[in-house]
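Have a look at the structure below, then the notes.
So that the names make sense, note that chain A is the first sequence line, chain B the second, and so on, each numbered from 1. As a basis for the values below, the full set of heavy atoms in this structure was taken, side chains included, without hydrogen atoms, waters or symmetry mates.
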Amino acid sequence: MTAPHELGAAADPRTAMVLAGAEEGGSLGRDAWRRLRRDPAAVVGFVLVVLFVAVAVLAPWLAPYGPTDTPGQGTVTPTNIPGPSAEHWMGLDNLGRDELSRVLYGARQSLIIGVVSLLLGATVGILLGLLAGAFGGWVDNIVMRVVDMMLAVPQLLFAIAVAAMLGQSLTSVMIAIGVTNVPVFARILRGSMLAQRGSDYALAATSLGVRRRFVVLRHVLPNSLSPVIVQGTLALATAIIDAAGLSFLGLSGSDPGVPEWGRMLSETQRFLASAFHLAVFPGLAIVFAALGFTLLGESLREALDPKYRR
Amino acid sequence: MRPGTRWQHRTAVRALAVTAAAGLALSACSGGSSTATGDATGGATDGASDATFIFAGSADPITLDGAYVSDGESLRAIQQIFEGLVTSKPGTTDVIPNLAESWTTSPDGKTWTFKLKSGVTFTDGTAFDAAAVCTNFDRWYNFKGIQQSASIAYYWTTVFGGFAKNEDDSLPPSLYSKCEATDATTATITLTKASSTFLSALSLPSFFIASPKALTEFKADEVSGTADAPVFSGTFGSEHPIGTGPFKLAKWEKGNQLILERNDTYWGAKAKIKTLVLKPIADGPARRQALEAGDIDGYDLVDPSDVQALKDGGYEILNRPAFNVAYVGFNQAIKPLDNPKVREAVAYALNRENVIKTNYPEGAQVATQFMPPEVFGYAKDVPTYAYDPAKAKALLAEAGVPNPTVEFWYPTDVSRPYMPNPEANYQLFKKDLEAVGFKVTTKSAPWNPDYLNQVDAGKAAIYLLGWTGDFGDPDNFIGTFFQSTQLQWGYKNKDLQSLLDKAEAETDLAKRTADYEQASKVIMTDLPGVPYAHTQPSLAFKAGVTGFVPSPTSSELFTDVTVPAK
């Protein structure tokens, strides 16, 4: 049993060779980590992600007001929506709520939508990919045709259809985004597993008489996961953008008082002329959250791929 | 008789369809043809010019046949082309003579004799006379098939009830009995019972008089399709709307612009502009941009948040007198709203002043009852429910439900004169309710048809709605809401209903006023809902435009409008 177990192992048929050449840094995972730390893009991405998660978790302690509190009550009128000030760093919104607090609380919604839809998409996608990758043959054929069909529909359109079918709610937004992630994960895992199945260590294990289930689950699967992890990070970024997009289109249908970045943007369209700040801050929040996950994902991809080794 | 009348819904329906087209065609028509001032027929022509005035509303008219519509955008155009026996004094809801010079009523209030203006002609050259008046009334009375549906003959069914042969059992017997042309200038209309709203209702564009010749020739009565999606196969309402008004139709490019031209044979003061263009621009910000770009000279339904910026930019803002009411409605058929204490608790819990201040433009006022102060019968001493969360909590405790769960509905994708931003109102009200212990479940639906249907069908427990008056009569407000039992309210008070019946038939103004004042007190004691706002919807014009008089019922004429030279 000499197969590598590290999650970070490469999804490349040359894994064995690469591993043989990884003499100076020990495991490939550690190697990848070292490269990540040296990559400024990765560091920026990592910091943004940590910040985002921290804000989402700590919102009640960080935010000066509750998300529906109206400290500006009595001050705010349709023609007077105060912008940033010492007291309210991001200004007030059209109902007199503190914009900073709402942006901070909004991170929670984005994180929840992102994580739940990712888990959903990844779980189903991984199961399908596993099925196709492990069995091959006609199972693979059927699963892949289904996946192809799902891929044929543009992602946002598909999400809108799901949201329309299941009704307007945050749950349906999560399901919609999750479902659109399924084919991506299924294909990536399947491709990666097919490559690993043909690798020397897998062949060796099989020829030693190890049962197929054991080979697939203990050897091939762990070694096929790294592109899935990269995809997971990137999918979080798109999930946040998609969630904002769907909410902006009014498909989230959630309680309008719940701060959600996309929804905040769409609600404040009518005040663009008089209260510019209401569009800027939720917009920036979406940009930075998505940027963080994208930078981290891309760097992770490079770090985990031996081809990018410098 | 549905709240949020078609005045209001229809505008939202077609809104999307025309958005794209609206922005495109801009200048198009400015050149006047040769008939600048050639009228020797007398009448005031001073100030008449070749000018073109371009005005934007939020949607295209549905048809120019007043009998078939009830939405504000159609009525706006019809108002310019046709005229009624009576009209309202500009800027008010006071009824004044128009095509009828005077009228008398029989002692029993059933027979109305109208003395008509002589020498008036329709724009197709035929004479306006008593026979024409009777032809129009008989036409409406003899509507058949889907012409009888409430969505098509909305105002007829609202004012007159039924038809000659009712095809639906739910239609009441008609208030209208017959019309006789005693002589060319005398028309006698007989009703089946006394009605004090009849005369005011005749100021509605739906009861304006059309040329009998054109009605027949252009097949005005050919309607197919369904009640919800009627197809008008004749060309009367689209190409040949022939009336006696100050303007006549020049060209209607559907979805793009409706071009009206001055009627140079008009009997009264002729229009000061040569051409009036009505443009549908569904999107509020797009209307504002069109004005700022100089593509239009004025527009309706100014967003409250744009008012100050437009004023600062040198534009003219005119407000219509408050003639509407926004309310939080309760459905008493749904628990716990059957409990008067719970309803009172809601009333005390809502911070109405704050909602007005935060979400409404200047000029909006807190409502105390279901009609605006401008209408007679407005009661000064109704029970009021000033914001008092502590009292609300106490009432809930007394009622034995300190934390009642309620479904609270609001409409999406809509802006109404009485409710510029429903979602914003909803959020503040919800917070108020939660503050006193209510557990609020959010429910929302697109305005038309989903939201209105749900509310009408009695599905909504607490909901946001409102009403804009059609004519200056309290019956048009509280009579509409409470004279009959409606699913929307689930509110049955037989005494109140008979009081409203009595008030409607009463012809003595002082007694009627007292009856409606009494009714308002009863209503605000029973509390079927919480009225919270009367607003003054705004219109915007470029600097130098004169002669536009905002009307409480949005029935403005463009006859006196002048526009500065470009």
Side-chain angles (χ1 to χ4, degrees), chain A residues 65-83 92-99 101-102 105 163-164 167-172 247-260 262-279, chain B residues 283-289 292 302-313 317 351 353-364 387 408 410-415 420-435 439-446 450 464 535 538:
Chain A
Y65 297 93
T68 56
D69 290 355
T70 50
Q73 182 172 321
T75 321
V76 171
T77 67
T79 49
N80 176 35
I81 303 171
L92 294 166
D93 78 357
N94 61 309
L95 294 180
R97 298 175 296 205
D98 181 54
E99 186 73 358
S101 307
R102 288 183 64 77
Y105 272 96
Q168 302 171 337
S169 71
L170 271 187
T171 322
S172 61
S247 307
F248 185 87
L249 294 174
L251 294 167
S252 72
S254 64
D255 181 340
V258 175
E260 204 286 324
R263 190 169 187 131
M264 287 164 73
L265 273 182
S266 82
E267 270 177 29
T268 49
Q269 277 180 98
R270 61 195 301 144
F271 303 102
L272 261 188
S274 53
F276 190 57
H277 64 280
L278 294 181
Chain B
D283 187 41
R287 281 198 296 276
R288 178 184 156 178
Q289 283 157 14
E292 288 172 336
V302 177
D303 197 286
S305 59
D306 289 341
V307 169
Q308 195 53 47
L310 284 166
K311 274 187 188 162
D312 294 346
I317 300 287
N351 188 345
E353 279 84 2
N354 179 43
V355 167
I356 306 276
K357 175 136 206 265
T358 311
N359 295 339
Y360 284 78
E362 272 177 51
Y387 176 55
F408 190 173
Y410 74 92
T412 57
D413 307 324
V414 72
S415 171
N421 188 349
E423 188 172 271
N425 288 3
Y426 171 81
Q427 291 187 49
L428 291 177
F429 281 147
K430 175 175 183 253
K431 190 170 156 284
D432 288 341
L433 289 180
E434 286 174 341
K439 290 193 167 39
V440 178
T441 312
T442 301
K443 289 279 189 177
S444 66
D450 306 4
L464 295 183
T535 68
S538 307

Over all atoms of both residues, closest heavy-atom pair of B/Lys357 and A/Pro78:
O-CD, 3.6 Å

Those residues that, when tested against B/Asp303, pass salt bridge (Lys or Arg N to Asp or Glu O under 4.0 Å) (two or more places apart):
A/Arg270

B/Asn354 versus chain A, heavy atoms under 4.5 Å apart: side chain, backbone, both or neither?
side chain

Applying side chain to side chain contact (heavy atoms under 4.5 Å, CB included), can you list everything that pairs with A/Ser172, at least two apart in sequence or on another chain?
A/Ala163, A/Leu166, A/Ser169

Closest-packed option against chain A by number of heavy-atom pairs under 4.5 Å, given B/Ser305, B/Pro420, B/Ala424, B/Pro285:
B/Ser305

A/Thr68 side chain reached by B/Glu434 side chain, heavy atoms, under 4.5 Å
no

If you count heavy-atom pairs under 4.5 Å with chain A, which of B/Asp306, B/Thr358, B/Asn359 comes out on top?
B/Thr358

Can you confirm whether more than 12 heavy atoms, excluding those of B/Glu292, are under 6.0 Å from its CD atom?
yes

Quick one: what part of B/Lys443 sits under 4.5 Å from any heavy atom of chain A, side chain, backbone, both or neither?
neither

Out of A/Ala275, A/Gly96, A/Gly74, which one racks up the most heavy-atom pairs below 4.5 Å with chain B?
A/Gly74

Under a 4.5 Å heavy-atom cut-off, does chain A meet the side chain of B/Tyr426, its backbone, both or neither?
side chain

B/Gln308 CD to A/Thr77 OG1 distance, which is reported to the nearest 0.5 Å:
8.5 Å

When A/Asp69, A/Thr70, A/Leu95 are compared by non-hydrogen pairs under 4.5 Å with chain B, the top option:
A/Leu95

Checking heavy atoms, do the side chain of B/Lys431, its backbone, both or neither come under 4.5 Å from chain A?
side chain

Below 4.5 Å from any heavy atom of chain B, which atoms of A/Gln269 appear? Answer side chain, backbone, both or neither.
neither

